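Take a look at the structure below.
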Amino acid sequence: MTAPRTPTPRKAFGRLSLPERSYVADALRTETVGGVLLLLAAVAALIWANVPALHDSYESVSDFHFGPGAIGLDLSVAHWAADGLLAIFFFVAGIELKRELVAGDLRDPKAAALPVVAALCGMAAPALVYVLTSGAGGGSLAGWAVPTATDIAFALAVLAVIGTSLPSALRAFLLTLAVVDDLFAILIIAVFFTADLNFAALGGAVAGLAVFWFLLRKGVRGWYVYVPLALVVWALMYNSGIHATIAGVAMGLMLRCHRHEGEEHSPGEHIEHLVRPLSAGLAVPLFALFSAGVAISGGALADVFTQPETLGVVLGLIVGKTFGIFGGTWLTARFTRASLSDDLAWADVFAVATLAGIGFTVSLLIGELAFEENASMTDSVKAAVLTGSLIAAVLATVLLKIRNAKYRRLTEDEERDEDLSGIPDVYEQDDPAYHLRMADIYEHKAAEHRRLAREKAAARDALAEVTDGASEDHDGPA
C-alpha cells in the first residue's frame with residue numbers, strides 16, 4: 001500500500017514566478033521613481049509653507065479657485081489635487097487590485113491569505129491604537145482611519161535612498177500588502193466619509209459606469225471615447241456626495257486583466273503601463289505639494305506628542321502598523337502550513353512591517369476628510385502623519401541596513417545569469433537545455449584553463465633551463 005503523501009509546506013516570502021517577478025520589478029521601478037518625486041514634492045511643500053517670504057504665496061496658490069461653477073466644480077487648487085488628481089492614483093490602484101485578483105497572488109486563496117490577513121491586521125491595529133490613545137486623552141475619535149494607510153511609493157523611495165537590496169519576495173509582499181491596504185482605504189472613504197447623497201448625480205455616475213463597462217466588453221478602443229466619459233463619471237460622482245476618487249477605482253476594476261490567447265499584455269496591463277507614470281510622476285507628487293505644506297516649528301512638533309489625536313496618529317503609524325502587520329503575518333504562518341523562506345528571518349518581516357508604517361498620500365487625504373470642519377486640527381494631523389512617517393522610515397532604515405549584506409547576496413543569487421539567456425539561472429534549474437548550456441560553458445572554461453596551464457608550464461620550464469644554463473657558465477674558477 002502506498003504511503004499517503006505529506007503536503008509540502010508553503011514557503012512564506014518564497015521565490016516569485018518569473019512572470020510575477022517581471023511584473024513586480026516593472027511596477028516597483030515606476031513606483032520608486034514616483035516615490036522619489038513624492039519625497040521631493042513633500043520637502044518642497046514644507047519649504048514653501050514655512051519660509052516667511054513664501055508662505056503667503058503657498059496659501060494663495062492652494063486656495064485659488066477655478067473650474068465650471070455651474071456644475072459644482074469651482075474648486076481650489078488643493079481640492080482639485082485631492083479629488084481630481086488622486087482619482088488617477090486610485091484608478092491605477094483599481095487596476096492593480098484587479099490584476100492581483102485574476103492573475104497575481106490574490107487569485108489563489110491560500111497564497112492570498114498571508115498579505116490579506118497582514119493588511120487587515122495592519123489596518124485594525126493602528127485604528128485600535130489611535131482609539132485607545134486619543135480616547136484615553138479625551139481627544140476626538142474622528143481620526144481613527146488616518147494611520148491605517150500605507151504609502152507604497154514613499155516606502156519604495158526610502159528603499160531607493162538607503163540602497164537596500166530587498167529580495168523580490170519581500171518587495172512583492174510590500175506591493176501586494178499596499179494593494180489590499182488601498183482597497184480597504186477606499187472602502188473606508190466610501191463608507192465613512194460620504195456626505196449627503198445626491199441620488200440624481202449618483203444615478204448618472206452609475207449609468208456612466210455602465211456605459212464604460214459596456215464599451216469595454218464590446219472591445220471599443222480609443223482614448224477619445226474613454227477619457228471624456230471618465231471625466232463625466234468623475235464629475236457626477238463628485239456631485240453625488242461620494243468621494244470622487246471612488247470613480248477611478250470603479251473604472252480600474254472594470255478593465256480586463258487576464259490575457260487572451262496571442263496577447264502579450266491584457267488591456268488592463270497595457271493601460272496601467274501607460275497611466276502609472278502619470279499617477280506616480282505627476283498626480284501623487286502634485287497632491288503632496290498642496291497637502292504637505294503645514295507650518296512646522298518647535299512648538300508645533302511638541303504639540304504632535306501632546307495632543308491626543310496627533311499622538312494617536314503617530315503611535316498608530318509606528319506601533320500599530322508594525323505590530324499589526326508582523327502579528328498578522330506570524331499568526332498566518334503559525335496556523336497554516338506556510339513557513340518562512342529558508343533565506344529569511346522574522347527580523348526581515350518585522351523590518352518590512354516597520355517600513356509599512358510610512359503613511360502619506362492616503363493618510364493625508366483621510367486626515368483632511370476626518371477633520372474637514374477644523375482647519376487647525378487638519379494641519380496638526382498632517383504634521384502628525386509627516387512625523388510618524390519620518391520616524392517609521394528612520395526605524396526601517398536602521399533595521400534594513402543591519403541585514404543589507406544578506407539582502408545583497410540574495411539579490412545577486414536571484415539575478416545571476418551565467419548562461420546569458422536573459423533569464424535568471426534560478427528559474428532554469430528544471431530546464432535540461434540550461435544544464436547543457438552550462439556544461440558547454442564549463443567545458444570551454446576547462447579547455448581554456450588547460451591551455452593556460454600548458455603555456456605556463458612551458459614558460460616555467462624554459463625559464464628553468466635558462467637559469468640552469470647560467471648557473472653552469474659561472475661554475476668554473478674565477
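Keep in mind that this is a model prediction, so the values were computed, not measured. Scope of the values below: all heavy atoms of this structure, side chains included, with no hydrogens, waters or symmetry mates.
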Within the structure provided, determine whether [X] and [Y] are in side-chain contact (heavy-atom separation under 4.5 Å).
X      : Y      : value
Thr148 : Phe184 : no
Thr150 : Lys321 : yes
Val362 : Phe90  : yes
Leu395 : Ile318 : yes
Trp48  : Leu289 : yes
Thr322 : Leu355 : no
Phe360 : Leu386 : yes
Val275 : Phe91  : yes

Report task. Take Asp348 and Leu400, measure what side-chain contact (heavy atoms from CB on, under 4.5 Å) needs, and give me the verdict at the end. Result -> CA-CA 7 Å; Asp348 302 312; Leu400 291 170; over 6 Å; no

Point-to-point distance, once rounded to the nearest 0.5 Å, from [atom1] of [X] to [atom2] of [Y]:
X      : Y      : atom1 : atom2 : result
Leu331 : Phe326 : CG    : CZ    : 9.5 Å
Ile325 : Leu120 : CD1   : CG    : 11.0 Å
His258 : Glu269 : NE2   : CD    : 11.0 Å
Leu209 : Ile246 : CG    : CD1   : 11.0 Å
Cys257 : His265 : SG    : NE2   : 13.0 Å
Glu455 : Leu452 : CD    : CG    : 6.0 Å

Would the number of heavy atoms belonging to other residues, nucleotides or ligands and lying under 6.0 Å from [atom1] of [X] be above 12?
X      : atom1 : answer
Arg217 : CZ    : yes
Arg451 : CZ    : yes
His260 : NE2   : yes

Query raised in the report: Does Lys98 come within less than 4.0 Å of Glu272, counting only side-chain N to carboxylate O?
Result: no

Query - Val129 and Phe323: CA distance, side-chain angles, deciding distance, side-chain contact (heavy atoms from CB on, under 4.5 Å) verdict - result: CA-CA 11 Å; Val129 169; Phe323 287 95; over 6 Å; no

Would you check if the side chain of [X] reaches a backbone N or O of [Y] as a donor-acceptor pair within less than 3.5 Å?
X      : Y      : value
Thr310 : Val304 : yes
Ser62  : Tyr58  : yes
His55  : Asn50  : no
Ser363 : Pro147 : no
Asp151 : Ile358 : no

Query raised in the report: What orientation do Trp80 and Trp234 show, parallel under 30°, tilted 30 to 60°, or perpendicular over 60°?
Result: parallel

Distance-minimising heavy-atom pair for [X] and [Y]:
X      : Y      : value
Cys121 : Gly328 : SG-CA, 3.7 Å
Ala351 : Ala396 : O-CB, 4.1 Å
Ala41  : Pro285 : CB-O, 3.2 Å
Ala292 : Leu46  : O-CD2, 3.2 Å
Ser57  : Leu54  : OG-O, 2.6 Å
Ala149 : Asp181 : CA-OD1, 3.3 Å

Requested in this report: Carefully, step by step, assess Ser291 and Lys382 under the rule side chain to side chain donor-acceptor pair (under 3.5 Å).
Outcome: CA-CA 8 Å; Ser291 291; Lys382 287 182 179 180; 4.8 Å; no

**Report entry** Qualifying side chain to side chain donor-acceptor pair (under 3.5 Å) pairs with a residue from residues 218-229, counting only residues at least two apart or across chains
**Finding:** none

Query raised in the report: Run the side-chain contact (heavy atoms from CB on, under 4.5 Å) check on Leu282 and Ile88 step by step: do they pass?
Result: CA-CA 10 Å; Leu282 180 67; Ile88 302 173; over 6 Å; no

Requested in this report: Report the C-alpha separation of Leu253 and Leu97 in whole Å, then their side-chain angles, then the decisive distance to 0.1 Å, and conclude whether the side-chain contact (heavy atoms from CB on, under 4.5 Å) test is met.
Outcome: CA-CA 7 Å; Leu253 288 171; Leu97 177 62; 3.9 Å; yes

